[in-house]
Amino acid sequence: MRQVLDAAAKGGYGVGAFNVNNMEQIQAIMEAARETQSPVIVQASRGARSYSQDNFLYHLMMAATELYPEIPTVLHQDHGNSPATCKSAIDMGFTSVMMDGSLMEDGKTPASFEYNVNVTRQVVEWAHAKGVTVEGEIGCLGGVEDGHGAGGDGLSHVTDPEEAERFVKATGVDALAIAIGTSHGAYKFNRKPDAEVLKMDVLIEIHRRLPKTHLVMHGSSSVPKQLQDVINQYGGKLKPTWGVPVEEIQLGIKNGVRKINVDTDNRLAITGAIRKVLLEKPEEFDPRSYMKPARDAMKKVVAERMRQFGQAGHASDYKAIPLKEMAARYAGETVGV
Ligand code: G3H
Ligand code: 13P
Ligand code: ZN
């Protein structure tokens, strides 16, 4: 992933990181990448790894790299809750891991700065020795997804730019997730977010202090009204809600954001498409009759984001560096400087 993010920084664009749990979601991302000629970051949460079982996920990803050899493809552990989780991902063949030491191992309790530095530093040592990239997090997002998250609204644990600077220096992470008011899931804001609730000024200040660190925006689904409407039109019960406007993400990309995490928008697209088929064609029972439109709906969202983030057209910028060569590069750097 370091290579993908370095190229993005050079080219001034962002790269979407899309969550997967199953074959159709991986296929949707790979098809969108081929259509738009984009590099991709495919990410799996702990919940996704246990839902799909590691081996299914791993071999599906290997199939993706066989079938789409022209697409630079990263497999990333999303929100690793402990060094052990990250180690198991590295051992399995993930090329990037997130050590989310902003929360304790329970994935709920905000952790101290010292704890966060210690666990993240440990993971950086293991990962870099194998050429694997590390994302850390400082500050906590709001909300709870799959039991993971500090809860509350997005403003409870906004990143302190001074701490962010110390954290990067102390850990040697490749990428840094920051908290600027967003939360995971569909219910981020109860109106279109403005500067009061979405702290783009904090992001800009962090980038000013850490111009060489790749910043990561979590909770970055835009939760478009049109996707909410499809779900509600076909029997769903979503309450009105607002996500992160794409233009704010684009402002972030101008200010050091290189990885943008999106899961909820794809969940909404998939669910809307399935609801539509089940309601319009109650006689259907072949899962392909609704999984295919669901996969197409996700592909459409992912391709749109790839164009909006600017990664479209950049798939052939790379000559992929083997992990061993990446490890040798890391060995030449001193962590903590
Ligand atoms: O971290 C949040 C992502 O949306 C993953 O969610 O833990 O329910 O798989 P999950
Ligand atoms: P959303 O819930 O906004 O899609 O965020 C996903 C995310 O941050 C995964 O780590
Ligand atoms: Zn996240």
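Atoms within each ligand, like the ligands themselves, are counted from 1 in listed order. If you're wondering where the values come from, they're calculated on a predicted model, not measured in any experiment.
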Chemist: Would you list the protein N, O or S atoms within less than 2.8 Å of the Zn ion (ligand 3), leaving out water?
Modeler: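 Only H79 NE2, H184 NE2, H218 ND1 fall inside 2.8 Å of the Zn ion (ligand 3).
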Chemist: With a 4.5 Å heavy-atom cut-off, do K259 and M217 have their side chains touching?
Modeler: no
Chemist: Check whether any side-chain heavy atom of T241 sits under 4.5 Å from a side-chain heavy atom of N190, and report yes or no.
Modeler: no
Chemist: Can you list the ligand 1 atoms lying under 4.0 Å from a non-hydrogen atom of D78?
Modeler: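 By the 4.0 Å cutoff, the relevant atoms are 1 (O), 3 (C).
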Chemist: Ignoring hydrogens and geometry, is there a side-chain-to-backbone donor-acceptor pair from N255 to H207 under 3.5 Å?
Modeler: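 Pair absent, no side-chain N/O of N255 close to backbone of H207.
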Chemist: With heavy atoms under 4.0 Å as the rule, classify the contact between R267 and ligand 1 as side chain, backbone, both or neither.
Modeler: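 The part of R267 near ligand 1 is the side chain, not the backbone.
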Chemist: For ligand 2, which atoms, with element, lie under 4.0 Å from some heavy atom of V262?
Modeler: 4 (O)
Chemist: Quick one: which ligand 1 atoms are inside 4.0 Å of a heavy atom on N19?
Modeler: 3 (C), 5 (C)
Chemist: Applying a heavy-atom cut-off of 4.0 Å, say which part of N261 lies close to ligand 1: side chain, backbone, both or neither.
Modeler: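 Contact part for N261 vs ligand 1: neither.
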Chemist: Would you check if F309 and V15 make a side-chain contact, meaning some heavy-atom pair closer than 4.5 Å?
Modeler: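 In short, these two side chains do not touch, never coming nearer than 4.5 Å.
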Chemist: Looking only at non-hydrogen atoms, which of E137, H184, Q43 approaches atom 7 (C) of ligand 2 most closely?
Modeler: H184
Chemist: Which is closest to atom 3 (C) of ligand 1 by heavy-atom distance: T264, D263, N266?
Modeler: D263
Chemist: Please name the pair of heavy atoms, one in D265 and one in P224, separated by the smallest distance, quoted to 0.1 Å.
Modeler: OD1-CD, 3.4 Å
Chemist: Check ligand 2 against H218 and write out every atom of the ligand that is under 4.0 Å from a heavy-atom position of the residue.
Modeler: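 Result: 8 (O), 10 (O).
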Chemist: With only distance considered, is S183 within less than 3.5 Å of ligand 2 through an N or O on each side?
Modeler: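 Min N/O separation from ligand 2 is not below 3.5 Å for S183.
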Chemist: Under a 4.5 Å cut-off applied to non-hydrogen side-chain atoms, are L75 and M1 in contact?
Modeler: no
Chemist: Do any heavy atoms of H218 fall under 4.0 Å from ligand 1?
Modeler: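 Not so, H218 does not reach ligand 1.
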Chemist: Between S45 and ligand 2, which residue portion shows a heavy-atom distance shorter than 4.0 Å: side chain, backbone, both, or neither?
Modeler: neither
Chemist: Please report the shortest heavy-atom distance between P72 and Y318, naming the atom on each side.
Modeler: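 Heavy atoms of P72 and Y318 come nearest at CG-CD1, 3.4 Å.
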Chemist: Assign the ring pair H184 / H79 to parallel, tilted or perpendicular, where the plane angle (0 to 90°) is split at 30° and 60°.
Modeler: perpendicular
Chemist: Please answer whether the main-chain N or O of H218 pairs with a side-chain N or O of T182 as donor and acceptor at a distance below 3.5 Å.
Modeler: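 At least one qualifying donor-acceptor pair exists.
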Chemist: With ring centroids as reference points, do F94 and H76 lie under 6.0 angstrom apart?
Modeler: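 No: the rings miss the under 6.0 Å criterion.
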Chemist: Heavy-atom contact check, 4.0 Å cutoff: does S45 meet ligand 1?
Modeler: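 Yes, S45 has a heavy atom closer than 4.0 Å to ligand 1.
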Chemist: Heavy atoms only, cut-off 4.0 Å: how does D263 contact ligand 2, side chain, backbone, both, or neither?
Modeler: both
Chemist: Just checking, R305 and F18: is the charged tip under 6.0 Å from the six-membered ring centre and within 45° of the axis?
Modeler: no
Chemist: Provide the number and element of each atom of ligand 1 under 4.0 Å from a heavy atom of H79.
Modeler: 1 (O)
Chemist: Using a strict cut-off of less than 4.0 Å between a Lys/Arg side-chain nitrogen and an Asp/Glu carboxylate oxygen, indicate whether K300 and E304 qualify as a salt bridge.
Modeler: no
Chemist: For H79, take its heavy atoms, then give the atoms of ligand 2 lying under 4.0 Å from any of them.
Modeler: 10 (O)
Chemist: N19 versus ligand 2: do any nitrogen or oxygen atoms come within less than 3.5 Å of each other?
Modeler: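 No: no nitrogen or oxygen of N19 is under 3.5 Å from one in ligand 2.
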Chemist: Applying a 4.0 Å heavy-atom criterion (strictly less than), which segment of V244 is in contact with ligand 2: side chain, backbone, both, or neither?
Modeler: neither
Chemist: Taking a cutoff of less than 4.0 Å between a non-hydrogen atom of the residue and any ligand atom, is K188 in contact with ligand 2?
Modeler: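 K188: in contact with ligand 2 (<4.0 Å).
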Chemist: Side-chain donor-acceptor pair under 3.5 Å between Y234 and D229, yes or no?
Modeler: no
Chemist: Check whether Q311 reaches the backbone of P39 with its side chain - one donor and one acceptor, N or O, closer than 3.5 Å.
Modeler: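 Answer holds: yes.
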Chemist: May I ask you to decide whether R34 forms a salt bridge with E70, counting only side-chain N to carboxylate O separations under 4.0 Å?
Modeler: yes
Chemist: Below 4.0 angstrom from a heavy atom of G219, which ligand 2 atoms are there? Numbered from 1 as shown, please.
Modeler: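 Within the 4.0 Å cut-off of G219, ligand 2 contributes 1 (P), 3 (O), 5 (O), 7 (C), 8 (O).
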